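Below is one structure, written out as structure tokens, with a few remarks after it.
Values in this document were obtained by computation on a predicted structure and should not be read as measured data. Atoms considered below: every heavy atom in the structure, side chains included; atoms not considered: hydrogens, waters and symmetry mates.
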Amino acid sequence: MTAALVATYVGAFGLSHPLAKRIGAWPSVLAVSALTAAASYAVADRRAPR
């Protein structure tokens with residue numbers, strides 16, 4: 001789980017740079033941060049179903 005999240009963060013960092021050229025720096029940071037937050041929540045922060 002940790003390795004998958006690290007790969008997600010590194011990939012998002014790499015994706016944010018070309019995305020910033022298209023939509024701007026701050027919108028790119030916000031979009032990539034939202035995606036990584038959603039991935040983190042889905043993988044690590046959810047409570048296990050009972």
Of the options Phe13, Tyr41, Tyr9, which is the one that meets Thr36 in a side-chain contact (heavy atoms from CB on, under 4.5 Å)?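 The side-chain contact (heavy atoms from CB on, under 4.5 Å) with Thr36 is passed solely by Tyr9 among Phe13, Tyr41, Tyr9.
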
To the nearest 0.5 Å, atom OG1 of Thr8 lies from atom CG of Leu35 at 10.0 Å

Working to the nearest 0.5 angstrom, can you tell me the gap between Leu30 CG and Ile23 CD1?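 With rounding to 0.5 Å, CG (Leu30) is 8.5 Å from CD1 (Ile23).
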
Can you tell me if Ser28 uses its side chain to pair, donor with acceptor, with the backbone of Ser16 under 3.5 Å? yes

